[in-house]
Novice: 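Structure incoming, see below.
All values below were derived from every heavy atom in this structure, side-chain atoms included, with hydrogens, water molecules and symmetry-related copies excluded. The chain is numbered in sequence order, starting from 1. No experiment lies behind these values; they were computed from the predicted model shown.
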Amino acid sequence: MISWKIDPNSTVPIYKQLVNLVRASVACGELRKGEVLPSQRQLAKLLGLSRATIVKAMTEMADAGLIDIQERNQAVVSDLSTKGVQWNVYFRRSGHRYCNIQRSSRIDNAEINLSRLSLSSEFKECEKNLKTLQQIKAIIGDPSDLKRDYIHGIESLQDSMLEYLAEHGVTCTREELLLVASPVQAISFVSELLLASGVHLYYSTPSDINYFGFLESYGAQLHPLPSDSEGIVVDSLMKKGNPKNDSVLFIWSSCTPPTNVSLSKSRRDKILNVCKTHNIPIIDNCMLEAYNLERDAPNSLFRKEYFEGTIQIGAFPRGMAAGTWLAWIVAPKPVILRLEDIKEKRFRSLDTFSQTILQRLLQTRELQNYHAAVREKLREDTYTNNSLIQKYLGDIANWNRKASGWCFWIKFKPPIDTKVLFESRKGISFNPGFFYDSADSSHIMLNPPSLTKEDFEKGLKKLREEILYLFPEAFEEK
């Protein structure tokens with residue numbers, strides 16, 4: 001006989017107490033998979049509670065995947081290890097309510113009339129010398145290509161994106177793909193849907209999550225995890241015990257800012273195993289994947305064996321976007337359905353011109369060829385930049401020389417304090433480590449692609465001179 005006791009003086013709501021009691025009984029083995037709970041009437045009598053309270057507790061337990069409701073409202077303990085991510089639990093926490101707008105009201109098939117492409121309706125005769133407007137018409141071509149925006153993005157771009165993603169190991173359908181205006185917008189939509197109060201967000205540190213600092217504004221509690229040369233370390237997640245559907249893992253599988261570390265295959269497989277065991281959804285930000293030059297890469301978290309628990313955010317890096325910095329989200333259909341609803345409410349439109357240009361660049365493979373050229377140049381520049389860093393900082397710092405060179409995470413030897421260095425940097429461009437970890441006073445991040453080779457070398461020379469002035473003892477032979 002189960003002995004559950006409700007504390008009427010507790011600050012925890014009574015229905016929550018019942019949920020916690022059932023969860024604890026399952027965790028300790030007192031209740032086993034397939035065991036039938038007492039009926040609602042029996043529980044109400046046993047605990048001295050109202051039927052309404054019991055129903056509310058049962059609903060929450062069912063949403064959490066703790067129990068299955070069968071015929072005649074019979075509650076059976078479910079097998080959480082095989083239930084997978086219970087997305088509805090996250091949706092309920094966020095308070096998101098799906099607005100069932102008819103598909104026909106989401107899509108306006110009206111064509112854009114290029115004859116209206118003008119600066120004004122009053123002075124059209126003055127436009128005869130405006131060659132730019134005629135050039136735009138020539139670039140755009142058939143106006144039928146420019147039907148107004150679908151919530152998922154224009155159809156031709158969707159098709160091109162599905163082919164592009166398939167080439168990169170991501171197989172999905174239109175219903176599992178959503179195009180948005182930027183990576184920040186993609187992250188904000190996903191955060192609004194999943195990262196509500198009561199959710200625990202795990203991420204690697206140091207991290208640009210600390211730099212931008214906006215994810216915590218959605219209510220989730222943030223938990224930094226350590227990282228090493230193979231990526232984020234998730235050993236602590238292995239101790240979470242019974243799945244509670246209250247955790248999310250945010251990860252960069254390629255070129256994690258600011259360390260520039262990419263996941264190894266073995267680390268990726270370990271992360272997938274841990275998250276699948278504990279039903280932890282993964283948000284994998286892949287927007288820097290094109291910069292990943294590792295031989296054994298990229299190793300994104302999107303895999304068929306855990307597709308139902310993975311959300312992939314992608315974008316062409318801004319420096320490689322060719323003026324079309326759109327982003328995409330690949331996720332299970334229930335997630336995309338609600339994300340498109342958020343997009344409808346928050347920011348429906350996408351730049352149709354940019355979509356059309358991007359589609360044609362993909363279709364002709366000009367963009368893929370451009371990316372290949374950029375990656376080859378990045379390989380060459382990485383060698384050069386490593387040599388320059390070695391020349392000016394090699395005797396006072398260490399860094400990862402094998403990573404792709406879109407950025408360098410420099411660790412200075414004592415007694416160099418980067419907080420002091422940052423305060424007196426005198427026009428030298430770098431990000432100090434405390435931007436990404438408040439306790440860090442030994443790292444800086446350098447971003448050579450944002451500078452010419454000449455300016456990068458000048459900056460390194462100035463940086464060395466400033467360090468010599470502030471910390472002369474760092475150069476003394478020991």
Side-chain angles (χ1 to χ4, degrees), residues 204-208 211 227-231 252 254-262 264 288-297 317-320 373-437 440-478:
S204 65
T205 188
S207 171
D208 67 337
Y211 181 33
S227 58
D228 59 22
S229 60
E230 293 189 65
W252 292 75
S254 288
C255 304
T256 305
T259 61
N260 205 17
V261 170
S262 298
S264 66
L288 296 178
E289 187 174 288
Y291 286 157
N292 190 337
L293 303 181
E294 302 285 350
R295 290 183 178 180
D296 189 27
R318 197 164 197 168
M320 300 174 73
V374 171
R375 286 165 59 83
E376 187 56 38
K377 184 178 188 304
L378 190 59
R379 285 190 180 91
E380 297 172 2
D381 290 348
T382 297
Y383 176 82
T384 302
N385 291 329
N386 265 315
S387 299
L388 289 174
I389 297 173
Q390 178 64 40
K391 177 180 178 180
Y392 291 99
L393 304 178
D395 57 337
I396 56 174
N398 295 307
W399 65 97
N400 182 5
R401 291 167 170 79
K402 294 182 179 179
S404 64
W406 82 272
C407 77
F408 292 88
W409 185 235
I410 310 293
K411 179 177 175 60
F412 286 110
K413 301 172 183 178
I416 300 171
D417 188 323
T418 56
K419 292 184 178 180
V420 175
L421 185 61
F422 182 71
E423 289 297 324
S424 59
R425 62 193 182 280
K426 296 182 180 178
I428 304 170
S429 178
F430 64 84
N431 282 1
F434 62 83
F435 277 9
Y436 309 96
D437 181 348
D440 191 318
S441 60
S442 61
H443 287 88
I444 65 171
M445 187 191 80
L446 300 177
N447 185 222
S450 63
L451 302 168
T452 64
K453 186 174 76 171
E454 292 74 19
D455 287 341
F456 183 56
E457 184 168 10
K458 287 179 183 178
L460 286 173
K461 185 177 180 181
K462 285 184 179 180
L463 183 60
R464 182 178 180 84
E465 292 171 352
E466 191 66 18
I467 294 172
L468 178 60
Y469 174 75
L470 293 170
F471 310 99
E473 61 272 31
F475 296 86
E476 296 176 359
E477 293 186 7
K478 297 180 180 180

Novice: Restricting to non-hydrogen atoms, name the atom on C407 and the atom on N447 that form the minimum distance, rounded to 0.1 Å.
Specialist: CB-ND2, 4.2 Å
Novice: For residues N385 and P448, report the shortest heavy-atom separation together with the two atoms involved.
Specialist: ND2-CB, 3.3 Å
Novice: Any non-hydrogen side-chain atom of K453 less than 4.5 Å from a side-chain atom of L388?
Specialist: yes
Novice: Determine, step by step, whether F430 and I410 satisfy the side-chain contact (heavy atoms from CB on, under 4.5 Å) criterion, reporting the C-alpha distance in whole Å, the side-chain angles of both residues, the deciding distance to 0.1 Å, and the verdict.
Specialist: CA-CA 10 Å; F430 64 84; I410 310 293; over 6 Å; no
Novice: Mind checking what makes ring-ring contact (aromatic ring centres under 6.0 Å, His included) contact with F434, not counting sequence neighbours?
Specialist: F422
Novice: Distance from L460 atom CG to Q390 atom CD, nearest 0.5 Å?
Specialist: 11.5 Å
Novice: Can you measure from CG (L468) to CD1 (I416) and round to the nearest 0.5 angstrom?
Specialist: 10.0 Å
Novice: Are the side chains of F412 and I467 in touch, meaning some heavy atoms are under 4.5 Å apart?
Specialist: yes
Novice: Has the side chain of T418 got a donor or acceptor atom that lies under 3.5 Å from a matching backbone atom of S441?
Specialist: yes
Novice: To the nearest 0.5 angstrom, please state how far the CD atom of E294 sits from the SG atom of C255.
Specialist: 7.5 Å
Novice: Is any side-chain heavy atom of D417 less than 4.5 Å from a side-chain heavy atom of E423?
Specialist: no
Novice: Can you name the nearest heavy-atom pair linking I396 to A474, along with the distance?
Specialist: CG2-O, 3.9 Å
Novice: Taking the side chain as every heavy atom from C-beta outward, state whether M445 and F435 have any atom pair closer than 4.5 Å.
Specialist: no
Novice: State, to 0.1 Å, how close N292 and S254 come at their nearest heavy-atom pair, and which atoms those are.
Specialist: ND2-OG, 2.9 Å
Novice: What residues form a side chain to side chain contact (heavy atoms under 4.5 Å, CB included) with T256, not counting sequence neighbours?
Specialist: S204, W252, T259
Novice: Is it true that atom NZ of K413 has more than 12 heavy atoms of other residues, nucleotides or ligands lying nearer than 6.0 Å?
Specialist: yes
Novice: How long is the straight-line distance from CD1 of I428 back to NZ of K461, given to the nearest 0.5 Å?
Specialist: 12.5 Å
Novice: Can you see which heavy atom on S229 is nearest to which on V261, and at what distance?
Specialist: O-CG1, 3.5 Å
Novice: Between R379 and E376, does any NZ, NE, NH1 or NH2 come within less than 4.0 Å of an OD or OE carboxylate oxygen?
Specialist: yes
Novice: If you measure only the distance, is there a donor-acceptor pair under 3.5 Å linking the side chains of N260 and Y291?
Specialist: no
Novice: So E465 and Y392, do their side chains get closer than 4.5 Å, heavy atoms only?
Specialist: no
Novice: Looking at K419, I want to see if its NZ is surrounded by more than 12 non-hydrogen atoms of other residues, nucleotides or ligands under 6.0 Å.
Specialist: yes
Novice: Mind listing the closest non-hydrogen atom pair of P258 and P206 along with its distance?
Specialist: CD-O, 3.8 Å
Novice: Quick check for you: to the nearest 0.5 Å, what is the distance between T205 atom OG1 and Y436 atom OH?
Specialist: 12.0 Å
Novice: For residues 441-474, which residue pairs qualify under ring pair (Phe, Tyr, Trp, His ring centres under 6.0 Å), counting only residues two or more places apart or in two chains?
Specialist: W409-H443
Novice: Evaluate the criterion side-chain contact (heavy atoms from CB on, under 4.5 Å) for residue pair L446 and W399; output intermediate values, then yes/no.
Specialist: CA-CA 11 Å; L446 300 177; W399 65 97; over 6 Å; no
Novice: Examine distances only and state if a side-chain atom of R375 and a backbone atom of A290 form a donor-acceptor pair shorter than 3.5 Å.
Specialist: yes
Novice: Would you mind reporting whether L470 and S424 have side-chain heavy atoms less than 4.5 Å apart?
Specialist: yes
